[in-house]
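Before any comments, here is the structure.
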Amino acid sequence: MSQWRIGDVTVTKIVEQEVNGGSRRLLPPATPDWLRPHLAEQDACLRLSIHSFVVQTATTRIIVDTCLGNDKQKRPVPYWNRRQGPFLAALAAAGCPAETIDTVVNTHLHIDHVGWNTMLRQGQWVPTFPRAHYLISGAEYEYWHDHAIRDDTRQMLADSVTPVVEAGVVDLVEADHRICDEVRLVATPGHTPGHLSVHIASRGEEALITGDFMHHPCQVAHPDFELTSDSDPALGTRTRWEMFDRLADRPVLVLISHFAGATAGYVVRDGGGYRFAV
């Protein structure tokens, strides 16, 4: 568990899984020789983490993204199926049990960001966070509702999205939605059509939870490194350039949804480009 303070706001990282993933499958331009030894293992696999961020303000407790979940099936990665992991216990150990969460933010509707939206109880998928409202971009929901052509995507909607919609706890929001005085949403499309990031501001300090507009530190140095899972790779590249230009050389703590290890740092200019400084 890692934790950061942004003014009066606390952000806590809850890790579900850290893995080494094949660079050619996810980020083909990220060649092993370029990445070793700091950003990849010796076997040339990228280090990636699947985690949530819990944002605690004076008035509300927010969880940003809900990882893979337990008991889910028809996932595209074999070890993502029928998981029995201790994520909820880790939340409770961090002082944030599921019943204390007020708001769930899904930055986008990919399998590794919505899994703990629901849990299996007596054969039914029910909301994991019983008192929370779930915030999903209206554009994101509409896109996947109309374009779920793969079996794994249809299954993800059926077990992790539709049940919370039918429970009446989902708010479809605009990209600039404000959750509370300190926390608002930011449009960062490209990885998916309605992709969101989360901006935090308190007492003159700022942070940005990125979601998946970038996956790995190499994309800060190389914003043109496209992901194979981007719905619009060209737009994703433009978003990275635009966001890095906004963030560079400003004291905005950047919290990345798949960076293993340190996870947080700052975007700084480096010649005509950028680098990630921890």
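Just so you know, these numbers come straight off a predicted model, no measurement behind them.
Taking all atoms of both residues into account, the shortest heavy-atom contact from A248 to Y274 is CB-CE2, 3.7 Å. In terms of heavy-atom proximity, G194 sits nearest to E140 at N-OE1, 2.8 Å. Closest non-hydrogen pair, I50 versus D112, comes out as CG2-O, 3.9 Å. For the residue pair T107 and V64, the shortest heavy atom distance occurs at CG2-CG1, 3.8 Å. The two residues D270 and R275 have their closest heavy-atom pair at OD2-CD, 3.5 Å. In terms of heavy-atom proximity, A167 sits nearest to P127 at CB-CG, 3.9 Å.
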### side chain to side chain contact (heavy atoms under 4.5 Å, CB included) assessment of M214 paired with V254
CA-CA 11 Å; M214 59 174 165; V254 182; 3.9 Å; yes

### Task
Show your reasoning for whether salt bridge (charged side-chain N to carboxylate O under 4.0 Å, His left out) applies to R203 and D8.
CA-CA 7 Å; R203 291 190 177 272; D8 293 331; 2.6 Å; yes

### Query
After noting the C-alpha distance and the side-chain angles of F259 and S49, does the key distance pass the side chain to side chain contact (heavy atoms under 4.5 Å, CB included) rule?
CA-CA 6 Å; F259 279 23; S49 174; over 6 Å; no

#### Entry: Working for side chain to side chain contact (heavy atoms under 4.5 Å, CB included), residues L208 and L247
CA-CA 9 Å; L208 183 78; L247 295 166; 4.1 Å; yes

### Message
Assess the residue pair M156 and V114 against the criterion (side chain to side chain contact (heavy atoms under 4.5 Å, CB included)); give the C-alpha distance rounded to whole Å, side-chain angles, the decisive distance to 0.1 Å, and a yes or no.
### Response
CA-CA 8 Å; M156 173 273 293; V114 301; 3.7 Å; yes

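Linking ILVMFWY residues whenever their side-chain heavy atoms come closer than 4.5 Å, directly or via other members, places W4 and I62 in the same cluster. Placement of V11 and V198 within a single hydrophobic cluster is found when ILVMFWY residues are connected by side-chain heavy-atom separations under 4.5 Å, directly or transitively. Residues W144 and I136 share a single hydrophobic cluster, defined by chaining ILVMFWY side chains whose heavy atoms lie under 4.5 Å apart. One hydrophobic cluster holds both L68 and V161 under the rule that ILVMFWY side chains link at heavy-atom gaps under 4.5 Å. When the side chains of ILVMFWY residues are joined at heavy-atom separations under 4.5 Å, either directly or via intervening members, V278 and V268 end up in two distinct hydrophobic clusters.
In this structure, the separation between NE2 on H222 and CZ on R240 is 12.0 Å, given to the nearest 0.5 Å. Interatomic distance, Q56 CD to D102 CG, rounded to the nearest 0.5 Å: 8.0 Å. With rounding to the nearest 0.5 Å, the separation of NE2 in H215 from CD in E226 is 13.5 Å. Atom-to-atom distance recorded for S137:OG and E142:CD is 8.0 Å, nearest 0.5 angstrom. With values rounded to the nearest 0.5 angstrom, W80 atom CH2 is found 10.5 Å from C67 atom SG. Taking NE2 from H191 and OG from S197, the interatomic distance works out to 11.0 Å, rounded to the nearest 0.5 Å.
Every pair passing side chain to side chain donor-acceptor pair (under 3.5 Å) that includes a residue from residues 161-177 is listed here, sequence neighbours excluded: H133-D171.
Geometric assessment of K72 against the ring of W125 yields a positive cation-pi assignment under the 6.0 Å and 45° thresholds.
Of the possible donor and acceptor atoms, one in the side chain of H147 sits under 3.5 Å from a partner among the backbone N and O of Y143. Between the T118 side chain and the D159 main chain, a donor and an acceptor come within less than 3.5 Å of each other. Counting only distance, with no hydrogens or angles, the side chain of S202 and the backbone of G7 share no donor-acceptor pair below 3.5 Å. Remark: the backbone N or O of I200 is not paired with any side-chain donor or acceptor of E182 at under 3.5 angstrom. Remark: side-chain polar atoms of S231 are paired, donor with acceptor, to backbone N or O of G190 under 3.5 angstrom. The closest donor-acceptor contact from the side chain of E16 to the backbone of G69 lies under 3.5 Å. Judged by distance alone, the side chain of T237 and the main-chain N or O of P233 form a donor-acceptor pair under 3.5 Å. Distance alone, capped at 3.5 Å, is enough to place a donor-acceptor pair between the T57 side chain and the T60 backbone.
If you check the side chains of D212 and H108, you find a donor sitting under 3.5 Å from an acceptor. Between the side chains of K13 and S2, no donor-acceptor pair is found at a separation under 3.5 Å. Judged purely by distance below 3.5 Å, without hydrogens or angles, the side chains of T188 and T239 never pair a donor atom with an acceptor atom. Remark: the T66 side chain and the N117 side chain contain an N/O donor-acceptor pair separated by less than 3.5 Å. Defined by atom type and a distance below 3.5 Å, a donor-acceptor pair is present between the side-chain atoms of T12 and Q3.
Remark: R150 CZ is loosely packed, at most 12 non-hydrogen atoms of other residues, nucleotides or ligands lying under 6.0 Å away. No more than 12 heavy atoms of other residues, nucleotides or ligands shown are found within 6.0 angstrom of CZ on R121.
Residues satisfying the ring pair (Phe, Tyr, Trp, His ring centres under 6.0 Å) test with H51, not counting sequence neighbours, are F53. Residues passing the salt bridge (charged side-chain N to carboxylate O under 4.0 Å, His left out) test with R154, sequence neighbours excluded: D151. Under the salt bridge (charged side-chain N to carboxylate O under 4.0 Å, His left out) criterion, D232 pairs with no residue, sequence neighbours left out. For T128, there are no side-chain hydrogen bond (donor to acceptor under 3.5 Å, both in side chains) partners at least two apart in sequence or on another chain.
Below 30°, between 30° and 60°, or above 60°: for H258 and H113 the angle between ring planes is above 60°, a perpendicular geometry. Y134 and F129 have tilted rings, their planes meeting at an angle from 30° to 60° on a 0 to 90° scale. The aromatic rings of Y141 and H145 are tilted relative to each other, their planes meeting at an angle between 30° and 60°.
Using a cutoff of 4.0 Å between basic side-chain nitrogens and carboxylate oxygens, R75 and D152 are not scored as salt-bridged. Here R250 does not pair with D245 in a salt bridge; the nearest charged N to carboxylate O distance is not below 4.0 Å.
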Name each donor-acceptor pair under 3.5 Å that joins a side chain in residues 84-91 to protein atoms two or more places apart or in another chain, with its distance.
| unit_1 | atom_1 | unit_2 | atom_2 | d |
| --- | --- | --- | --- | --- |
| Q84 | NE2 | D71 | OD1 | 2.4 |

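Put simply, the side chain of V9 reaches to within 4.5 Å of the side chain of V55, judged on heavy atoms. Inter-residue side-chain proximity for Y266 and V252 is flagged as unmet; no heavy-atom pair is nearer than 4.5 Å. With a 4.5 Å cut-off on side-chain heavy atoms, H199 and V183 do not count as touching.
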